*Asks:* 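Dropping the structure in here first, questions after.
Atom set for the values below is all heavy atoms of this structure, side chains included, hydrogens, waters and symmetry mates excluded. Quantities reported herein were computed from a predicted structural model and do not represent experimental measurements. Just so it is clear: chains get the letters A, B, ... in the order the sequence lines come, proteins before strands, and each one is counted from 1.
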Amino acid sequence: MRNIVTFRAGKFTVAVTALLALAGGFVGVNAAAARQPSAAVTGETYVIGTDTTFAPFEYREDGELTGIDMDLIRDIAENQGFSVEIKSLGFDAALQALQSNQVDGVIAGMSITDERELIFDFSDPYFDSGVQMAVAEDNTEITGYSDLDGETVVAKRGSEGETFANSIKDEYHFTVKALADSATMYDDVKAGNSVAVFDDYPVLAYGINQNNGLKSVTEKEQGSSYGFAVNKGQNPELLAAFNTGLAELKSGGEYQDILDKYLDAPATSNDTSFFGLLSDSLPALMKGLGLTLLATGLSILIALVLGVMFGFFKVSESRVLRGIASAYVSIFRGTPLLVQAFFFYFGLPQLTGQSIDVLTAGVLTLSLNAGAYMTEIVRGGIQSVDPGQTEAGRSLGLGYATTMRRVVLPQAVKIMTPSFINQFVMTLKDTSLLAVIGFAELTYQGQQIYASNFRTGETLLIVAALYFIVINLLTMLSNKLDKRFNK
Amino acid sequence: MSKTSVDSKVSVKGLRKSFGSNEVLKGLNVEIMEGEVVCVIGPSGSGKSTFLRCLNKLDELSAGTVIVDGFNLGDKTVDLNEVRQHIGMVFQHFNLFPHMTVLQNIMLAPVELKKESKADARATAVKLLDRVGLADKADARPAQLSGGQKQRVAIARSLAVNPDIMLFDEATSALDPEMVGEVLQVIRDLAADGMTMVVVTHEMGFAREVADRVIFMADGLIVEEGTPAELFGNPQQERTQDFLSKVL
Ligand SMILES: Nc1ncnc2c1ncn2[C@@H]1O[C@H](COP(=O)(O)OP(=O)(O)OP(=O)(O)O)[C@@H](O)[C@H]1O
Ligand SMILES: [Mg+2]
């Protein structure tokens with residue numbers, strides 16, 4: 001469980017919700033298209049949103065989504081005779097998607113809270129979580145809270161673990177340090193910077209299970225319960241089916257089997273060498289890289305069209321066209337790409353009632369964003385050509401369009417090419433930001449992998465190396481083509 | 001210089017031109033006959049270039065009428081691209097197209113304007129290059145030419161659309177002194193062929209030699225005009241005398 005988990009309880013959610021609420025309220029359309037409730041679930045297919053990586057509840061193994069939540073929802077669906085289509089969106093993204101009815105339900109290791117019950121309907125609790133304390137495997141001194149006197153412990157920022165640690169720190173005289181995600185916390189403890197970590201029991205149990213170098217030393221404290229959620233008042237039949245199915249799995253013993261599988265079973269014997277990691281992770285990363293290149297290619301092509309069009313608007317004699325182009329450029333250069341991505345994926349469906357798939361939203365974001373920069377590149381390129389060239393063309397009796405096409409543009413393109421190549425690389429790198437809306441590109445795949453194997457550093461090195469290789473190959477190729485055609 | 005016709009090629013009446021609040025041309029009246037060579041002289045900033053650019057409407061007119069080759073440039077229905085094919089223009093800084101060869105520079109307009117087939121345009125271009133003495137440079141790029149050669153190519157390029165009138169804006173000012181002669185010779189040849197020309201120049205000797213008429217401009221007005229002999233030999237206005245005393 002990674003950065004996504006920071007979002008889970010953090011102010012990030014609040015900020016995004018506020019932003020979207022603001023957008024919705026501003027236009028005055030807050031409700032989204034309602035789904036027709038069906039009498040029964042049999043034969044229906046439901047779209048279920050989930051987190052990207054919150055091991056052991058959901059994570060990817062060899063590219064396949066797995067985990068307690070995944071096994072549970074699939075088994076319940078089978079038990080109740082409906083089908084599910086799982087969308088791995090990220091925690092915040094899944095909740096946003098649920099609110100905008102882009103998904104029918106969310107199962108994402110989500111605590112049932114009073115706040116959330118205002119906007120969602122929850123199933124019966126399917127898992128009782130709680131905070132537990134762990135120390136380094138070889139630590140024999142710390143066996144309980146009373147051994148923490150004068151020491152420093154870590155907890156995840158904004159999590160229940162932090163709240164709990166703070167509630168007992170005065171009694172046991174220790175200091176609490178807050179970190180952003182589990183992997184970092186575990187590394188901190190192993191490095192000896194802090195002696196113990198307070199984390200959610202299932203996460204900790206799973207990590208220990210995966211040989212993360214820690215061991216738990218206390219019983220879990222009573223904590224929150226996890227529930228399956230549907231949008232308030234929507235899909236009541238799905239909620240009912242979930243509850244019935246859950247009860248049946250519990251009485252049939254399958255429920256306990258699932259828990260044991262992830263929390264008790266001995267770790268699978270993974271190849272722990274770097275090359276083992278490389279060969280294990282490469283298939284998923286390559287799939288991600290493919291999507292990265294697809295999104296980059298599509299976005300750059302559309303951006304090129306936009307850039308040429310608005311670039312011409314910018315150098316035109318019409319004040320209206322210049323105004324339109326300037327407005328476009330300032331909007332997309334004047335707002336962060338991340339906000340744009342959230343807006344197109346979550347905000348727009350709320351405003352229009354029309355859901356949008358993640359590739360479309362991602363490409364829309366990147367192409368409109370890159371298009372704004374392309375516009376400036378095209379404008380700059382055209383304006384950097386000596387006006388005497390246009391005058392020479394026009395004085396020969398050539399029209400504006402012909403002069404542009406034959407005289408100005410060939411020279412402008414030559415000037416623009418290095419900037420184009422630069423923008424291409426920027427856009428390729430920007431695709432990594434789409435991981436936050438659950439677009440399964442390279443960075444996202446990397447996050448998935450280290451979220452379940454806890455080998456953050458090595459995995460990111462591989463991801464970075466892939467970016468580095470691809471970007472440099474493409475840059476070399478572009479420069480070659482540039483030299484070849486722009487002598 | 002013999003004149004075969006007395007038809008008016010260029011007729012300018014009350015021409016005014018302002019850039020914002022700055023009035024650069026303050027009411028010009030000029031009549032130019034077919035085959036006439038008119039040289040325009042005057043101090044820097046007096047409006048010579050602006051005047052020339054109003055004749056093919058590279059600059060918009062603020063007031064007055066300009067009639068070139070029978071076309072009224074103030075008339076919105078007049079096809080400027082058509083008119084400009086009758087008027088060649090040669091710039092101080094050549095303005096050759098750097099991404100094309102010499103031949104392509106010359107062929108561009110005739111081919112794009114569908115005046116000639118590619119083959120015919122090529123033949124014409126080769127002939128024109130020969131005429132300006134650069135037959136061997138057909139496949140060179142502008143960057144490989146000297147200033148004088150560039151300007152001769154630019155003249156050939158203007159001639160390729162077969163204009164009736166040629167405008168020269170200080171065609172030799174950007175050249176090294178040893179190259180001025182070769183360009184002036186091409187202009188001289190054109191004059192001898194009976195081309196109607198308006199030549200803005202700092203070369204007083206050249207103006208005296210080839211001009212049928214010399215116009216002296218200062219502060220956006222025509223101060224004085226006459227034959228070279230009159231204007232250079234016996235200037236009437238103090239402003240003209242003053243200018244000539246500085247440049248001669
Ligand atoms: N595009 C323009 N915008 C604003 N002012 C201009 C423009 N073009 C020319 N001017 C102004 O008009 C005046 C006349 O310029 P013009 O170029 O016609 O003079 P000139 O007689 O050709 O001078 P020179 O001998 O230096 O070439 C100058 O004061 C100049 O600054
Ligand atoms: Mg000038």
*Asks:* On a heavy-atom basis, which atom in A:Ala392 and which in B:Phe91 lie closest, and how many Å separate them?
*Replies:* CA-CE1, 3.7 Å

*Asks:* Under 4.5 Å heavy-atom distance to chain A, tell me which part of B:Leu58 shows up: side chain, backbone, both or neither.
*Replies:* side chain

*Asks:* Please name the pair of heavy atoms, one in B:Asn56 and one in A:Ser395, separated by the smallest distance, quoted to 0.1 Å.
*Replies:* ND2-CB, 3.8 Å

*Asks:* Can you confirm whether A:Lys287 is buried at NZ, in the sense that more than 12 heavy atoms of other residues, nucleotides or ligands lie under 6.0 Å from that atom?
*Replies:* no

*Asks:* Just how far is it from atom CG of A:Leu396 to atom CD of B:Gln85, taken to the nearest 0.5 Å?
*Replies:* 9.0 Å

*Asks:* Give the intermediate values and the outcome of side chain to side chain contact (heavy atoms under 4.5 Å, CB included) for residues A:Arg394 and B:Met89.
*Replies:* CA-CA 10 Å; A:Arg394 298 310 302 274; B:Met89 187 164 201; over 6 Å; no

*Asks:* What do you reckon, is CZ of B:Arg122 surrounded by more than 12 foreign heavy atoms closer than 6.0 Å?
*Replies:* no

*Asks:* Evaluate the side-chain proximity of B:Met100 to A:Pro410: yes if any heavy-atom separation is below 4.5 Å, no if none is.
*Replies:* no

*Asks:* Does any part of the side chain of A:Leu398, heavy atoms only, come nearer than 4.5 Å to the side chain of B:Leu108, both counted from C-beta?
*Replies:* yes

*Asks:* I'd like to verify something: which residue of B:His86, B:Lys57, B:Arg157 has the highest number of heavy-atom pairs under 4.5 Å with chain A?
*Replies:* B:Arg157

*Asks:* Please look at B:Arg53 and chain A and tell me whether the side chain, the backbone, both or neither of the residue comes under 4.5 angstrom of a heavy atom of that chain.
*Replies:* side chain

*Asks:* Around atom CZ of B:Phe19, are there more than 12 heavy atoms of other residues, nucleotides or ligands at under 6.0 Å?
*Replies:* yes

*Asks:* Please classify the contact of B:Leu96 with chain A as side chain, backbone, both or neither, using a heavy-atom distance under 4.5 Å.
*Replies:* backbone

*Asks:* Which atoms of B:His99 come close to chain A, meaning under 4.5 Å heavy atom to heavy atom: side chain ones, backbone ones, both, or neither?
*Replies:* side chain

